Amino acid sequence: MRYRRLRADELPVETVDLAQALIGCVLVRDCPDSRSAGRIVETEAYVRDDPASHAYRGPSARNASMFLGPFHAYVYKIYGTSLCVNVTSETEGAGAAVLVRAIEPLEGLQIMEERRGTTRMRDLARGPGRLCQALDIGMQLDGVDLLRDKRLWLAVPASREVPVRRRVGKSVRIGITKAADRLLRFYERGNPFVSGPKGLSP
DNA sequence: TAGGCGATGCTCT
DNA sequence: GAGCATCGCCTAG
């Protein structure tokens with residue numbers, strides 16, 4: 001399958017708009033010998049002045065890349081074992097980002113199965129930690145420009161001019177305790193590759 | 001199949 | 001020393 005890089009003028013910089021616009025876009029991971037890619041089906045917005053956001057208390061060694069300009073990767077380790085990947089938003093210094101929570105595998109299924117240690121399609125990249133493992137996203141990709149980098153980049157299928165807007169549902173965010181009532185999670189309705197409890201993704 | 005819970009190690013107080 | 005933007009295993013039904 002062929003993909004076309006997204007351009008900055010095709011994506012909104014405002015965090016909530018970006019979280020919704022990324023649904024249906026493709027995340028491509030190129031390694032020397034392989035390509036793996038999937039459609040983004042679930043995101044969460046971490047906005048400015050958001051108590052649940054890693055940027056809430058200001059810049060630190062861990063969250064530094066969250067303060068880069070828009071469309072950079074913020075990769076961090078959580079619970080000691082899992083990695084998560086975000087797309088930064090707003091402007092340089094704002095400290096806002098969109099967490100990519102799940103993708104629908106499109107290409108490189110075999111290498112994703114090897115990285116994940118399962119052949120169960122639905123479990124390959126459902127959840128932020130799983131998708132990082134499936135795409136071999138590590139800390140070396142923290143801070144890369146997702147519109148220009150050769151290893152990890154945002155795309156649309158080459159046959160399409162503009163990302164197709166899918167039916168996007170919204171809910172509270174998963175796994176947080178602060179600002180837990182805000183409807184800042186977005187997902188493609190009815191898609192089986194969306195993570196989280198069923199009640200949150202009707 | 002759905003829900004509960006322990007592992008796990010880093011970050012920040 | 002507490003608190004995680006999670007995962008996979010185990011159990012119950």
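Since the structure is predicted, the reported quantities are computational estimates derived from the model, not experimental observations. Reminder, nothing fancy here: chain letters follow the sequence lines and each chain counts from 1.
Residues C84(A) and L99(A) are in side-chain contact: their nearest non-hydrogen atoms beyond the backbone lie under 4.5 Å apart.
The backbone N or O of A19(A) sits less than 3.5 Å from a side-chain atom of T43(A), completing a donor-acceptor pair. Within the 3.5 Å criterion, the main-chain N or O of S171(A) finds no donor-acceptor partner in the side chain of R185(A). The closest donor-acceptor contact from the side chain of R173(A) to the backbone of A45(A) lies under 3.5 Å.
By the neighbour-count criterion of 12 heavy atoms within 6.0 Å, atom CZ of R148(A) is sparsely surrounded, having that number or fewer from other residues, nucleotides or ligands. Around CD of Q110(A), the count of heavy atoms belonging to other residues, nucleotides or ligands within 6.0 Å does not exceed 12.
Residue-level contact check: R185(A) touches neither bases nor backbone, having no heavy atom under 4.0 Å from any strand. Residue I176(A) is in sugar-phosphate contact alone, with no base atom involved, counting any heavy-atom pair closer than 4.0 Å across all strands shown. Contact annotation for M66(A): base contact, defined as any heavy-atom pair under 4.0 Å involving a base atom.
Extent of DNA chain C lying under 4.0 Å from chain A heavy atoms, first and last nucleotide in 5' to 3' order, is dC4(C) to dG8(C).
Taking every heavy atom of both residues into account, R126(A) and S195(A) meet most closely at CG-CA, 3.6 Å.
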Between protein and nucleotides 6-13 of chain B, map the contacts as a letter string: B base, S sugar-phosphate only, - none, heavy atoms under 4.0 Å, written 5' to 3'. --BB-SSS

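Nearest-nucleotide mapping onto DNA chain C: of V85(A) and D123(A), the residue sitting toward the 5' end is V85(A).
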Could you go step by step and tell me if Q133(A) and R116(A) meet the side-chain hydrogen bond (donor to acceptor under 3.5 Å, both in side chains) rule? CA-CA 6 Å; Q133(A) 195 179 11; R116(A) 289 275 303 119; 2.8 Å; yes

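With V100(A) as reference, V85(A) is the one residue of V41(A), V85(A), L154(A) to meet the side chain to side chain contact (heavy atoms under 4.5 Å, CB included) rule.
Remark: DNA chain C takes part in the stems B:1-7 with C:6-12, B:9-12 with C:1-4, each of 3 or more antiparallel Watson-Crick or G-U pairs, criterion distances under 3.5 Å.
Atoms CG and CD1, on L152(A) and I137(A) in that order, are 5.0 Å from each other to the nearest 0.5 Å.
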